[in-house]
Novice: 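Dumping the structure here so I can ask a few things about it.
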Amino acid sequence: MGEDVAKHEFTREDRTRYRTKVRRCLDVFARMLREARFDFERPMTGLEIEINLIDENADPAMKNHEALAVIDDPDFVTELGQWNIEINVAPRRLAGGGITSFEETVRRSLNSAEEKARGIGAHMVINGILPTLRTKHVTPDQLSSNPRYALLNEQVLAARGEDLQIAIDGVERLHLTASSIVPEAACTSTQLHLQVSPEQFPAYWNAAQAIAGVQVAVGANSPFFLGKELWRETRIALFQQATDTRGDELKAQGVRPRVWFGERWINSIFDLFEENVRYFPALLPICDEEDPLAVLDHGDTPTLSELKLHNGTIYRWNRPVYDVVRDRPHLRVENRVLPAGPTIVDTLANAALYFGLVRALAEDERPLWSQMSFQAAEENFNAASRNGMDAQVYWPGVGTVPVVELVLRRLLPLAHEGLIRWGVDSAEREKLLGVIEQRCLSGVNGATWQAREFHRHYDHTHMDRADALRTMLKTYVDLMHTNEPVHTWPLT
């Protein structure tokens, strides 16, 4: 959601200066690409997981400030809503047990955090949208205390000029008017980071876009919002609408949304940053004192702070990232399509599918995106978000097929091949891609399990909707702690 910020009012001069500075950063970035200044010899992968907090009754616990204080771990940070926190896992290579290392690290950290937070009446849940959220929880007073969130909220609403309208038609229908961006805090996700060279970036980004629908379909875990059963991955539609700076008139004019799938395959990472500058006005026009050109001319690495901050307020589902570590710049693809959960092993299975597929597709002699329109990839993404495991998707050479059939027959062998190229050993591959295979064979992912468990209580007992959701979530949390993959979970 952007860098820590302190300034709360922006003048016209601020915006003019920022526009000039961000364009200067873009010029410097273009020169860095030409001069091949990026670190990529030992590519690293990273992982972030957003987490919900609940109380003993499985209702949201508005205690992220207190939870972070007792957890006392720099890997855990604040998030937009008071019931959210996030864990940032140190990057590592996939080869030599890297995926298993991710799983062990996250489980150890979450178990420790859960034990500490329990003392203040808060418990960890990893899922895409907390099913027990109600309208009273998504109000402006539930923003996290960090000033950057209040500032971002003000700027989104100022750019829009009116309240947000959220309308999602799925199994049921939800129409909501919101006076803040707090509904976006309901969207808790997993973000996968993959470091690549400038030359590799277009192929990896295009591959990530091409498989986004498949990822969402098999990984969906967000069927409920404000008590309504909506899309299998409701988080996608909710995130798009809860941060939309466009009124109806701007939508009609074709102004791009800030939560964006994109509109074309790319030939360079520069294409994405240039689109950001060309299409999107600044939300947080904050300048620092660095002259990026002078820094580069001196032989040092510029931070490009304005370009990074601007990029951080444009929520592409696959986002380009420029970063500097130990004075060495690097580039990453940040994959943002997946929800959190249901378990850590499910999360790492989703990661294995992603890392394997993008490697295999990016290195294919005949690129997939040369055979498939960008619009088809976006239509797959939307169909998968709505229908999850029941989605029909298009794939070159196959046509329109059930997504589970595509994964089982075509994509799992490709993912195995890609993981072999990353140096992932056979035991890790078989374990994690085996989870994906069994999900597809059983038709059960987090979204389908949540929906079935809810209906068992709501349709066949005297429970009202709220109690059925609470009961389902309590069972979900118990099973989440077993770390057994969701396709093995019983229905009570």
Side-chain angles (χ1 to χ4, degrees), residues 49-52 54 58 60 79-81 83-84 125-135 137-138 142 164-178 180-191 212-244 257 259-261 315 317 336-342 346-347 350 378-391 393 403 444-455 458 465-466 468-470 472-473 476 486:
I49 303 174
E50 294 168 351
I51 302 162
N52 291 305
I54 60 170
E79 259 297 333
L80 180 64
W83 69 94
N84 304 142
V125 183
I126 47 174
N127 61 359
I129 294 177
L130 192 61
T132 53
L133 282 169
R134 291 176 296 226
T135 305
H137 299 128
V138 290
Q142 304 303 343
L164 293 157
Q165 301 296 323
I166 296 171
I168 305 174
D169 294 341
V171 178
E172 298 177 287
R173 304 178 71 183
L174 174 71
H175 290 254
L176 172 71
T177 298
S180 73
I181 64 170
V182 175
E184 190 275 319
C187 305
T188 40
S189 64
T190 297
Q191 288 126 43
V214 172
Q215 285 184 272
V216 170
V218 300
N221 195 29
S222 312
F224 297 102
F225 179 55
L226 300 186
K228 299 288 185 72
E229 185 178 357
L230 301 168
W231 293 8
R232 282 299 177 251
E233 190 51 36
T234 304
R235 183 181 59 90
I236 300 298
L238 178 57
F239 192 28
Q240 288 171 338
Q241 297 179 41
T243 53
D244 198 343
V259 178
W260 198 26
F261 189 79
Y315 308 102
W317 293 111
R336 304 165 51 81
V337 307
L338 289 167
D346 283 302
T347 299
N350 292 338
E378 184 173 16
E379 289 172 354
N380 285 350
F381 183 65
N382 292 330
S385 303
R386 283 181 175 273
N387 302 314
M389 302 281 277
D390 295 325
V393 296
V403 69
V444 176
N445 59 12
T448 54
W449 186 91
Q450 287 189 58
R452 291 177 188 179
E453 181 74 358
F454 164 76
H455 282 292
Y458 185 60
R465 183 175 289 259
L469 287 168
R470 285 192 195 94
M472 178 273 288
L473 184 58
Y476 178 106
V486 69

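Just so it is clear, the values below take in all heavy atoms, side chains as well, and ignore hydrogens, waters and symmetry mates.
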Novice: Report yes or no: do Q165 and H175 form a side-chain donor-acceptor pair below 3.5 Å?
Specialist: no
Novice: Determine the sole option in N52, I49, T188 for which the side chain to side chain contact (heavy atoms under 4.5 Å, CB included) test with I126 is passed.
Specialist: I49
Novice: Are the side chains of P60 and T132 in contact, using a 4.5 Å heavy-atom criterion?
Specialist: yes
Novice: I'd like to know if the side chain of N382 and the backbone of E379 have a donor-acceptor N/O pair within less than 3.5 Å.
Specialist: no
Novice: One pair to check against side-chain contact (heavy atoms from CB on, under 4.5 Å): V216 and L338. What are the steps and the verdict?
Specialist: CA-CA 6 Å; V216 170; L338 289 167; 5.8 Å; no
Novice: Are V125 and L473 packed together at the side-chain level, in the sense that at least one heavy-atom pair is separated by less than 4.5 angstrom?
Specialist: yes
Novice: Applying side-chain contact (heavy atoms from CB on, under 4.5 Å), name anything that partners N380, two or more places apart in sequence or on another chain.
Specialist: M372, V393, Y394
Novice: Closest approach of V403 and G388, non-hydrogen atoms and distance?
Specialist: CG1-O, 3.9 Å
Novice: For L230 and I168, work out which heavy atoms get closest and say how close.
Specialist: CD2-O, 3.7 Å
Novice: Quick one: does W83's side chain get under 4.5 Å of L133's, heavy atoms only?
Specialist: yes
Novice: Could you measure the distance from the OG1 atom of T190 to the CD atom of Q215? Nearest 0.5 Å is fine.
Specialist: 10.5 Å
Novice: N84 versus I51: any side-chain heavy-atom pair under 4.5 Å?
Specialist: no
Novice: Under the 3.5 angstrom rule, does the side chain of E229 hit a backbone N or O of A451 as a donor-acceptor pair?
Specialist: no
Novice: State, to 0.1 Å, how close A185 and G81 come at their nearest heavy-atom pair, and which atoms those are.
Specialist: CB-N, 3.5 Å
Novice: Looking only at atom types and distance, does a side-chain atom of K228 sit under 3.5 Å from a main-chain N or O of R173, one as donor and one as acceptor?
Specialist: yes
Novice: Can you tell if the side chain of P342 reaches within under 4.5 Å of the side chain of Y476, non-hydrogen atoms only?
Specialist: yes
Novice: Over all heavy atoms of both residues, which pair between G219 and P339 is shortest? Give the atoms and the distance, please.
Specialist: O-CG, 3.1 Å
Novice: Please step through side-chain contact (heavy atoms from CB on, under 4.5 Å) for the pair V138 and L226, ending with a clear verdict.
Specialist: CA-CA 9 Å; V138 290; L226 300 186; 4.3 Å; yes
Novice: Nearest 0.5 Å please: distance from the CE atom of M472 over to the CZ atom of F224.
Specialist: 5.0 Å
Novice: Do N445 and T448 pair up side chain to side chain, a donor and an acceptor below 3.5 Å, judged on atom types alone?
Specialist: yes
Novice: Which heavy atom of I129 sits nearest to which heavy atom of R235, and what is that distance?
Specialist: CD1-N, 3.6 Å
Novice: For a side-chain contact (heavy atoms from CB on, under 4.5 Å) check, start with the C-alpha distance between L164 and L176, then their side-chain angles and the critical distance, and finish with the verdict.
Specialist: CA-CA 8 Å; L164 293 157; L176 172 71; over 6 Å; no
Novice: Can you check whether F225 reaches L174 side chain to side chain, under 4.5 Å on heavy atoms?
Specialist: yes
Novice: Between the main-chain N or O of R452 and the side-chain N or O of H455, is there a donor-acceptor pair closer than 3.5 Å?
Specialist: no
Novice: Holding to ring-ring contact (aromatic ring centres under 6.0 Å, His included), I want the full list of residues that pass it with W317, two or more places apart in sequence or in another chain.
Specialist: F239, F381
Novice: How close do I236 and S385 get, counting heavy atoms only, and between which atoms?
Specialist: CG1-OG, 3.4 Å
Novice: Before you tell me yes or no, could you show the steps for Q240 and W260 under side-chain contact (heavy atoms from CB on, under 4.5 Å), namely the whole-Å CA-CA distance, both residues' side-chain angles and the distance that decides it to 0.1 Å?
Specialist: CA-CA 8 Å; Q240 288 171 338; W260 198 26; over 6 Å; no
Novice: Under a 3.5 Å cutoff, is there a donor and acceptor pairing between the side chains of S222 and E233?
Specialist: yes
Novice: Can you sort out the partners of Q191 under side-chain contact (heavy atoms from CB on, under 4.5 Å), two or more places apart, ordered by chain and number?
Specialist: E48, E50, E86, S189, H193, E334, R336
Novice: Check this for me: does any side-chain nitrogen of one of E172 and R465 sit under 4.0 Å from a carboxylate oxygen of the other?
Specialist: yes
Novice: Is a donor from one side chain sitting under 3.5 angstrom from an acceptor on the other, for Q450 and N221?
Specialist: yes
